[in-house]
Amino acid sequence: MATVVSGGAGALPAAASEGDEPGGRVLVILNPGAGSERLEEELTGRGRRVRVAGVPAGDLAACVGGITDFLAAPDSPDRAVLLGYGAAGPAAIEVADRHPERVAAVVVVGSPGEEGLTLGDSAAELLCPILALSADPEAAVPVLVPFLDELDRQACGAGAQVKAPARLPALTPAIFNDPGALRQWRELGPVHRINAADVATSWVLTGHEVTTTALADPGLAGNVEITAGFRLQSADPALAHRGELDLITIEGREHARLRRLIERHLTPERVAALRPRIQRETDALLDAIPSREVVDLLQRFAYPLPVAVLCELFGVPEQDRSYIHEWILERLVSPPPKAHGDIDDYLRALIADRRARPSDDLLGWVVEAEGDGLSEEGEEDLVSAARFLMVNGHRAPTTVLASGVAALLRREQWKRLADDPTLIVTAVEELLRLITPFPVGIPRHVAAPIEVEGIPIPEGDLLTASLVAANRDPSFFADPDLLDIGRTDNPHLAFGHGHHHCLGAELARAQLQIAIGTLARRFPDMELARDSRSLHYRQSSVRYLLGLPIVLEPDRSVPGARRPPDGA
């Protein structure tokens, strides 16, 4: 839990990540106010790095967006203490909740004499400490300096233990997206016990064989709701994380029931029948993109295509697709129930329409198969299953499509694929392996004592697997860090394993094959824009691009036009 301090530094949980150095974090003053100049002068005089940033001071969403844009800039600090005045304080807390790997601590500064600072719902769930201050510099400096000193001291202590298997650093999404750090874990052994404060997962697997063996064990069950940040769900519905704010599991019996309802109908044959529709949506999106201008392929193609495919899957009428687009790509980033209350009603209306008029889509298939046996409870199950699939059915294709195209262009694999379109199937599997859209498997609750690699795992503990580490295990993959679009022996675990294997895996494969294959066929000379040598990523639960500037058909007649240099 976060430590909210008022008047003293208190005990701070370790919040170090690999590469932190004492005093190395930058203090970022957001929307400086009364006393900020004194704070900046005092801290820089003590040898600390301080930056000042102005962000929108309007509503919370605008302020959060401004801070996120600041952290996404090429010269932004890798890890910072965010000190926010006024509305920037709660916004900094929200950013720390979404990007825990980028924020070491949050300091909220109120107005002089202000009491009862409003920290927001996210404060109670943070993995980093929070300090609440008055704007009075005479009172703020004596509290802030010891707070930062203690943060440095504990970061030093945590950093000294990075390579010890029994004392790993705090689990942040950045670590689980870092193949180098996970390689060190794997070399230390395949099973790791976690002893970090406030981390709900007790064990992490880092090898391919141990992952496939353990996750098939009947003693494991996904019956504990837990966020991808490894925080147990709050019992307070107002504080529980849902939607895309964190990828979560659902209660085990509910998961099995909803899975059965979908997997009987989302068959490879049905997915194959959807391919012409996916091709149509792909061509329509690409037709609308100016081919000789620098465009953001993420915004123009990688985001909207998976949403269009979901609309095809569920038979969403054309006039309603902007509504689904807005819900998935804009409102899912804000916490329910405010943002999501209407979607269930919309899905119920679609199901009612299928009862009256059969249709060739997933809802129509289920309604036709169930017939009069689709009870009111069954209909609610179908609503839940549809919502679950829509929430989880867009992120993986978007991530692999955008990051995959970037990887192909930067490693000179694009020409190879354009010259040999038959490589598209193996190319997609290789991109799934290297990118691993969901870096961590769904945490499992140990329902009965099990043994993994000779290590007893007691009942009640939680166990998860690093899919990034498994997908780069050299005992299963030759040259595991190499992108080889012709790789044929590729038993990757990008879609998980066992009874939580991704339901939409075949649908994701189909749209990736069509999307990337069509791009390579239509635009064999596509290249990254010349200002995109450093592509910036959000490293939260999923590591994904913030933008992908490309030119579909570069003008080779322009003097000096060339491809950007190769990069990793």
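Starting from 1, each residue takes its place in the sequence as its number. Hydrogens, waters and symmetry mates play no part in the numbers below; they use all other heavy atoms, side chains included.
Applying the 6.0 Å contact sphere to CD of Q299 captures more than 12 heavy atoms from other residues, nucleotides or ligands.
A distance-only check finds a donor-acceptor pair linking the side chain of T267 to the backbone of R270 [under 3.5 Å]. Looking only at distances, no side-chain donor or acceptor of S403 sits under 3.5 Å from a matching main-chain atom of V400. In this structure a side-chain-to-backbone donor-acceptor pair under 3.5 Å is missing from R193 to W203. Counting only distance, with no hydrogens or angles, the side chain of R509 and the backbone of V428 share no donor-acceptor pair below 3.5 Å. Checked by atom type and distance alone, the side chain of R186 pairs as donor or acceptor with a backbone atom of A469 at under 3.5 Å. Using modelled atom types, no side-chain atom of N471 and backbone atom of L434 make a donor-acceptor pair closer than 3.5 Å. A donor-acceptor contact shorter than 3.5 Å is absent between the side chain of D361 and the backbone of L313. In this structure, the side chain of T398 does not engage the main chain of R395 through any donor-acceptor pair within 3.5 Å.
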For residues 448-455, dump all side-chain donor-acceptor pairs below 3.5 Å to protein atoms at least two apart in sequence or in another chain.
none

Tabulate below the donor-acceptor pairs under 3.5 Å that side-chain atoms of residues 482-489 make, not counting sequence neighbours, or state none.
unit_1, atom_1, unit_2, atom_2, d
D484, OD1, R416, NH1, 3.1
D484, OD1, G486, N, 3.0
R487, NE, E430, OE1, 3.0
R487, NE, E430, OE2, 3.1
R487, NH1, A478, O, 2.7
R487, NH2, E430, OE2, 3.3
R487, NH2, A478, O, 3.3
R487, NH2, D479, O, 3.3
R487, NH2, L482, O, 3.2

(message) side-chain hydrogen bond (donor to acceptor under 3.5 Å, both in side chains), that's the test. Do T206 and H192 meet it? Break it down for me.
(response) CA-CA 8 Å; T206 55; H192 304 269; 3.2 Å; yes
(request) Begin with the C-alpha distance, continue with both residues' side-chain angles, and end with the deciding distance and a verdict on side-chain contact (heavy atoms from CB on, under 4.5 Å) for L548 and F301. (result) CA-CA 10 Å; L548 182 57; F301 188 59; over 6 Å; no
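Between the side chains of R275 and Q513, at least one donor-acceptor pair of N or O atoms lies under 3.5 Å.
A search for ring pair (Phe, Tyr, Trp, His ring centres under 6.0 Å) contacts involving F314 returns nothing, not counting sequence neighbours.
H208 and F477 have perpendicular rings, their planes meeting at more than 60° on a 0 to 90° scale where under 30° would count as parallel.
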